[in-house]
Amino acid sequence: MAAPSFSVTTPIFYVNDAPHIGHAYTEVAADVLARWNRQCGVDTWSLTGTDEHGQKILRTAVANDVTPKEWADKLVADAWIPLLQTIDIANDDFIRTTEERHESVVQAFLQKLYDDDYIYFGEYEGYYCVGCEEYKQTDDLAQGAGEFEGQYVCPIHGRPVEVLKEANYFFRMSAFGDRLLELYETQPDFIQPDSLRNEIVSFVRRGLDDLSISRQSFDWGVRVPWDDKHVFYVWFDALINYISALGWRADEPGELFQKFWPSNHIVGKDIARFHAVIWPAMLMAAGLPTPRRVFGHGWLLVGGEKMSKSKLTGIAPEQITDVFGSDAFRYYFLRAISFGQDGSFSWEDLAARYQAELANGFGNLASRVVAMVGRYCDGRLPAASDVTDADARIHSVVESAVERATAAMDRFAIHEAIAAIWTVVDELNGYLTEQEPWKVAKDESQTARLHTILATAAEGLRALSVLLAPVMPKSTALLWTALGADAAIGPLAEQRIDQVATWGQLPEGAEVSALPPLFPRIEVDQLG
RNA sequence: GGGGCGGUAGCUCAGCUGGUUAGAGCAGUGGACUCAUAAUCCAUCGGUCACGGGUUCAAGUCCCGUCCGCCCUACCA
């Protein structure tokens, strides 16, 4: 049997404008899943990247008086790569659709479909919205007013649509309806969450049309290999990134592809259909395995409305990380929002959770334990001796948290996993208050008891560091070092989640060093 | 037009196949404690479960209707 492996992708982001917290949310979720699996000892691979073709980018570039490639290069360098730094993403690869390694795979993939008669030449006429990059049915359109009087306008972009008549290549997607339904049936978690699955299933049940997959009205795209007057439609080009990055070839699948395909796709629910219908149909046509899972997360609501780039309600991730840090960003969005559902964002809620959960809960817990080991044990980790029910209870809470968090992460229920882990924070704070080590320390006959309490608390922090490392890599690393764990048992990133509940890993005498506040209080006037 | 989702404490949300006095976190209030980032711990206040009917011994939980918010999707023209 092959070694367990896990691969996860984000959508590749359209480089037409700057990243907002919705993009960052997707990135963080995928990153946490990747880091978690990696620390479970699973061979893991995570992918993100940028989507750089299409008419919209061409037009934006022209408007800015640069070539589309120059425009894309600039945004990738100035905005999208830095985003990954801002929110601390540890991706294994970053693919750009303008890279040769991608374009050649797109051509090979579609050539194969063409050779096997899944692609044919046809004609299409319809209303086309440049903003959406897609054809619209008339009922999807609004009547224009004012300067656009008498024209159809796209309700999303508020701009008139264009009538296009194109002779294009079409993909025979209509042939795959039954096989897609069978896929949804036999693999119920192929599309998650269930609400989204239901939508997709009923969409496919109504029957699928063939898809126009090429354009000849402009040339910013991957050239159709058998007809150089055409370029591929941007979505067809883009979806293939998931296997081009793995080095797939028509004749030679390649090592990465063999090992990591099929991947798990994390996407916003608005593009779930591309990933759960079109993409698997393309893969079926090519005779390749369909994705492991397509998970559509919800939208971030700001003031009750979907945050969107076209409505300019976007918040830049740095606005948050500059004040609260990347760990808090990662924690907040994954903890406060049920993964898969829409979630409200507000500065008030962010600040409140930062204060209550990170500063007062986890951060302060770390401070008090480390400070007591310093004060009462000269900074040397003490050993536990006679274990009371209270001590044993800490251990069992950790065991239960690991079990529940692992089960939740397997379902991509990230918020549930974090909630399960957080029971350890709450339990430890209560344990310390009840055991009153500061009182025990005043009685010299109770030194053994004092040591047991502090050793138990430190073990709890060790477990928390490991369990929370995927979510908050920076602060847990600080805590890990302060506990002396780095020197005693090795780097945090190498600690296994499936072994974290084994008690007593921190050795007696480990050097516990001072710890600055992990989540310093934020003054109100620092808020954006 | 059809289908789906949501409307539960000030805020954000749990409440599975109907079953004792509807829950959590935060915020508020009172108390305990001092190791810690004026942190922690305990207690407590707070809801006609959108509205109106119905089924049932029993409904937030099922059925019908209405209102509000959102999503998917058709047709006539």
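Since the model is a prediction, treat every value here as computed from it, not as a measurement. First the proteins, then the strands, lettered A, B, ... as listed; each starts at 1.
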When we call it a touch if two heavy atoms are under 4.0 Å apart, what does [X] touch: a base, just sugar-phosphate, or nothing?
X	result
A:K439	sugar-phosphate
A:N198	nothing
A:I337	nothing
A:G430	sugar-phosphate
A:R353	nothing
A:S344	sugar-phosphate

Quickly work out the [X] [atom1] to [N] [atom2] distance and round it to whole Å.
X	N	atom1	atom2	value
A:F203	B:A74	CZ	P	7 Å
A:M372	B:C35	CE	C1'	4 Å
A:N360	B:G25	CG	C1'	14 Å
A:L196	B:C70	CG	P	20 Å
A:L428	B:C35	CG	C1'	14 Å
A:L365	B:U40	CG	P	11 Å
A:D349	B:U12	CG	P	9 Å
A:Q341	B:C5	CD	P	13 Å

Quick one: look up who [N] pairs with, Watson-Crick or G-U, both distances under 3.5 Å, and put none if it's unpaired.
N	result
B:G19	B:C57
B:G69	B:C5
B:U37	none
B:A24	B:U12
B:A43	B:U29

Check: B:A36 base within 3.5 Å donor-acceptor of A:N364 side chain: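 Between B:A36 and A:N364, which were checked side chain against base, a qualifying N/O pair under 3.5 Å is present.
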Consider the side chain of [X], meaning its heavy atoms from C-beta on, and name the nucleotide among [options] that approaches it most closely.
X	options	result
A:A371	B:C71, B:A36, B:U34	B:A36
A:T433	B:C41, B:U37, B:A36	B:C41
A:N429	B:U40, B:C35, B:C26	B:U40
A:F519	B:U34, B:U37, B:A36	B:U37

For the residue pair A:R197 and A:Y184, would you count it as a cation-pi contact if the rule is NZ or CZ under 6.0 angstrom from the ring centre and within 45 degrees of the ring axis?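 Cation-pi check for A:R197 and A:Y184: fails.
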Would you measure the distance from the [atom1] atom in [N] across to the matching atom in [M] and give it in whole Å?
N	M	atom1	value
B:C35	B:C49	C1'	43 Å
B:U48	B:U34	P	41 Å
B:U66	B:G28	C1'	36 Å
B:A50	B:C5	C1'	15 Å
B:G25	B:C63	C1'	35 Å
B:U61	B:G53	P	14 Å
B:G7	B:C16	P	11 Å
B:U8	B:G2	C1'	29 Å

Would A:E459 and A:R462 satisfy salt bridge (charged side-chain N to carboxylate O under 4.0 Å, His left out), going step by step from the backbone distance to the final call? CA-CA 5 Å; A:E459 275 294 302; A:R462 174 191 58 77; 2.8 Å; yes
What verdict does the salt bridge (charged side-chain N to carboxylate O under 4.0 Å, His left out) test give for A:D391 and A:R449, after you've listed the backbone C-alpha separation in whole Å, the side-chain angles of each residue and the deciding distance to 0.1 Å? CA-CA 11 Å; A:D391 311 333; A:R449 181 62 200 145; 2.8 Å; yes
Pick the closest RNA chain B nucleotide for A:Y431 and for A:P517 by heavy atoms, then say which residue is nearer the 5' end. A:P517
Nearest-nucleotide 5' precedence on RNA chain B, A:W299 against A:L432: A:L432
Report yes if at least one side-chain N or O of A:R521 is closer than 4.0 Å to OP1 or OP2 of B:A39; otherwise report no.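 It does, given that an N or O in the side chain of A:R521 lies less than 4.0 Å from OP1 or OP2 of B:A39.
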Do NZ/NE/NH1/NH2 and the carboxylate oxygens of A:K269 and A:D342 come within less than 4.0 Å?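 Looking at A:D342 together with A:K269, the answer is yes, because their closest N to O distance falls below 4.0 Å.
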Would you say the side-chain atoms of A:N241 pair up with the backbone N or O of A:A238, donor to acceptor, closer than 3.5 Å?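 Looks like yes, one N/O pair under 3.5 Å.
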Hey, is the main chain of A:I89 close enough, under 3.5 Å, to the side chain of A:R35 for a donor-acceptor pair?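 Flag not set: sc A:R35 to bb A:I89 has no pair under 3.5 Å.
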Apply salt bridge (charged side-chain N to carboxylate O under 4.0 Å, His left out) to A:R411 and A:D189, showing your working. CA-CA 9 Å; A:R411 304 186 340 257; A:D189 66 348; over 6 Å; no
Kindly determine whether A:H297 and A:T26 satisfy side-chain contact (heavy atoms from CB on, under 4.5 Å), including the steps that lead there. CA-CA 8 Å; A:H297 69 242; A:T26 314; 2.8 Å; yes
